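This is a predicted model, so every value here is computed, not measured. In listed order, ligands and their atoms are each counted from 1.
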Amino acid sequence: MERKALYAGSFDPVTNGHLNIIERAAKMYDSLTVAIANNPQKTGLFTIEERVDIAREVTRHIPNVKVDTFAGLIADYVNDNGFTAYIRGLRNVSDFESELLMAQMNARLFTGGTETVFLMTEPEHSFISSSLVKEVASFGGSIDGLVPEYVLKRIKEKLG
Ligand code: COA
């Protein structure tokens with residue numbers, strides 16, 4: 001049986017912290033789907049199509065990674081696609097508190113025995129978030145090393 005994992009998020013845009021989780025999770029499973037949440041109530045810097053393009057580009061070197069989008073409950077997407085594992089990255093204690101609640105709620109909603117699997121973020125990525133990266137970049141601060149080169153280019157194009 002194929003062991004399929006899922007890593008979901010807003011990815012507006014993918015950062016080096018996300019990429020590190022993606023690279024590690026892809027080694028643990030036969031395939032890893034990176035699923036971008038399509039939430040019409042939440043507008044981001046990048047459109048969903050742009051985020052998909054960015055995620056595909058920065059994961060091109062990992063053959064067992066695919067990129068998709070989902071809308072609505074993550075549990076529905078998980079159940080419809082039969083994932084073995086739902087990967088989450090943990091950066092700090094406050095992530096743990098919210099992730100524990102979500103994992104417990106999702107455990108009730110997952111119908112096929114999918115496990116939420118936590119990977120600890122590497123220390124050099126523990127302070128990174130997509131919002132912070134965008135905020136620093138919007139005021140002209142350096143985000144070198146925090147996002148892949150391709151993302152750096154796309155953010156510069158977007159922000160002018
Ligand atoms: N490295 C760098 N940044 C990271 C990171 C890592 N390893 N892990 C998380 N982050 C950042 C993200 O970039 C994001 O930053 P932002 O808020 O500035 O954009 C922030 O931490 C939160 O990430 P995450 O918890 O993954 O939230 P998200 O908004 O990216 O995605 C969903 C959350 C979409 C997966 C979740 O809300 C969801 O499943 N929604 C559907 C509805 C649902 O089912 N809800 C759950 C009910 S139990």
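Note: an N/O pair closer than 3.5 Å links S131 and ligand 1 by distance alone.
The aromatic ring centroids of F83 and Y77 lie less than 6.0 Å from each other.
With a heavy-atom cut-off of 4.0 Å, F127 does not touch ligand 1 at all. By the criterion of a heavy-atom distance under 4.0 Å, both the backbone and the side chain of L73 are placed next to ligand 1. With a 4.0 Å heavy-atom cut-off, ligand 1 is reached by no atom of R108.
Residue S98 places no heavy atom under 4.0 Å from ligand 1. Every heavy atom of Y77 sits 4.0 Å or more from the atoms of ligand 1. In this structure, K134 has no heavy atom closer than 4.0 Å to ligand 1.
Heavy-atom contacts from other residues, nucleotides or ligands closer than 6.0 Å to NZ of K156 number 12 or fewer. Residue-environment remark: CD (E115) stays at or below the threshold of 12 foreign heavy atoms within 6.0 Å.
For atom 23 (O) of ligand 1, the nearest protein heavy atom is 4.0 Å or more away. For atom 2 (C) of ligand 1, a protein heavy-atom neighbour is found at a distance under 4.0 Å. Closer than 4.0 Å to atom 38 (C) of ligand 1 lies none of the heavy atoms of the protein.
With hydrogens left out, the protein atom closest to atom 28 (P) of ligand 1 is S10 OG, 3.4 Å, a heavy atom. Nearest protein neighbour of atom 25 (O) of ligand 1, counting heavy atoms only, is R88 NH2, 2.9 Å.
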